[in-house]
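Predicted model, so just to flag it, every value in this text is computed and none were measured.
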Amino acid sequence: MPELRRIDPHIAPMQPQFSGEEVQAMQRAFVKLAELWGLSDEQASVLMGDISVRTFRRWKAGELGRAGIDTAARLSNLIGIHKALRLLFKDPARGYGWVKRPNEAFGGTTALDVMLNGQITDIMRVRRYLDAMRGPW
């Protein structure tokens, strides 16, 4: 009869840790990115995990604050989407406009519509798609 062996428990990898300065830099970058993508304050708030519109407007006014792990992860993924678009499109305006153009990869809807479903996994889906389009570079 086979012998049972003890399996050590799997330890999940650590969540990325961002310093306060890094989070605030990402907040400033997202405010600019929301402007470049032509997002309303309401849309930007949804992308941030339904932070209040008032909070987003404070960010726009330069009143940056702390952000939890979820918000930091959302910011990181959105900055990753921006980076991928800048690598994929030589003309920055085409990259900024891509977010609002229908895409067959998303069933004919836009990447923005996918991300506005509100879940962090929706943002990650768009980022994974763009990273795959970039290929190994």
Side-chain angles (χ1 to χ4, degrees):
M1 184 160 132
E3 185 176 315
L4 295 176
R5 293 178 303 165
R6 178 187 163 104
I7 298 175
D8 291 326
H10 175 73
I11 298 173
M14 295 289 293
Q15 292 289 333
Q17 298 291 322
F18 298 104
S19 70
E21 294 81 19
E22 290 170 324
V23 169
Q24 289 184 356
M26 288 190 294
Q27 287 171 314
R28 285 189 298 273
F30 176 68
V31 166
K32 181 65 174 171
L33 187 58
E35 177 186 325
L36 292 168
W37 283 355
L39 303 182
S40 68
D41 291 351
E42 291 76 13
Q43 289 172 320
S45 297
V46 169
L47 291 179
M48 286 295 98
D50 281 329
I51 63 170
S52 71
V53 172
R54 183 174 175 226
T55 296
F56 181 69
R57 288 180 179 151
R58 282 196 304 250
W59 289 11
K60 286 172 55 172
E63 297 176 38
L64 306 172
R66 296 181 315 178
I69 291 173
D70 180 72
T71 302
R74 287 169 181 274
L75 288 164
S76 177
N77 276 284
L78 289 162
I79 301 304
I81 289 169
H82 169 66
K83 176 184 175 184
L85 289 170
R86 290 302 303 263
L87 291 171
L88 286 167
F89 293 97
K90 289 182 182 182
D91 176 18
R94 286 189 63 214
Y96 300 136
W98 178 87
V99 175
K100 290 187 171 181
R101 283 195 295 274
N103 191 313
E104 287 305 313
F106 305 126
T109 188
T110 70
L112 180 60
D113 289 334
V114 170
M115 294 187 290
L116 287 175
N117 284 324
Q119 301 298 316
I120 192 169
T121 52
D122 299 317
I123 296 170
M124 293 168 68
R125 176 182 171 201
V126 173
R127 183 173 183 186
R128 281 192 308 268
Y129 170 76
L130 289 169
D131 286 345
M133 294 305 294
R134 286 191 309 123
W137 37 277

Phe56 versus Ala34, closest heavy-atom pair with distance: CZ-CB, 4.0 Å
With Asp41 via side chain to side chain donor-acceptor pair (under 3.5 Å) - residues at least two apart: Arg57, Lys60
Crowding at CZ, Arg101 (>12 non-hydrogen neighbours, <6.0 Å): yes
Arg58: partners by salt bridge (charged side-chain N to carboxylate O under 4.0 Å, His left out), with sequence neighbours left out: none
Side chain to side chain contact (heavy atoms under 4.5 Å, CB included) partners of Thr71, counting only residues at least two apart: Met48, Trp59, Ala67, Leu75
Residues which pass side chain to side chain contact (heavy atoms under 4.5 Å, CB included) with Gln43, listed by chain and number, not counting sequence neighbours: Leu39, Ser40, Leu112, Leu116
Contact list for residues 106-117, test side-chain hydrogen bond (donor to acceptor under 3.5 Å, both in side chains), sequence neighbours left out: Thr109-Asp113, Thr110-Asp113
Considering all heavy atoms, the nearest Ile79-Phe30 contact: CD1-N, 4.3 Å
Residues in salt bridge (charged side-chain N to carboxylate O under 4.0 Å, His left out) contact with Lys100, at least two apart in sequence or another chain: none
Partners meeting side chain to side chain donor-acceptor pair (under 3.5 Å) with Glu63 (sequence neighbours left out): none
Let me check something: any side-chain donor-acceptor pairs from residues 123-130 under 3.5 Å, sequence neighbours excluded? List them with distances.
none

Gap separating the CG atom of Leu85 from the CG atom of Leu36, nearest 0.5 angstrom: 11.5 Å
Side chain to side chain donor-acceptor pair (under 3.5 Å) against Lys32, all qualifying residues, sequence neighbours excluded: none
Inter- and intrachain pairs under side-chain hydrogen bond (donor to acceptor under 3.5 Å, both in side chains), touching residues 79-95, at least two apart: Arg86-Tyr96
Which residues share a salt bridge (charged side-chain N to carboxylate O under 4.0 Å, His left out) with Glu22, sequence neighbours left out: none
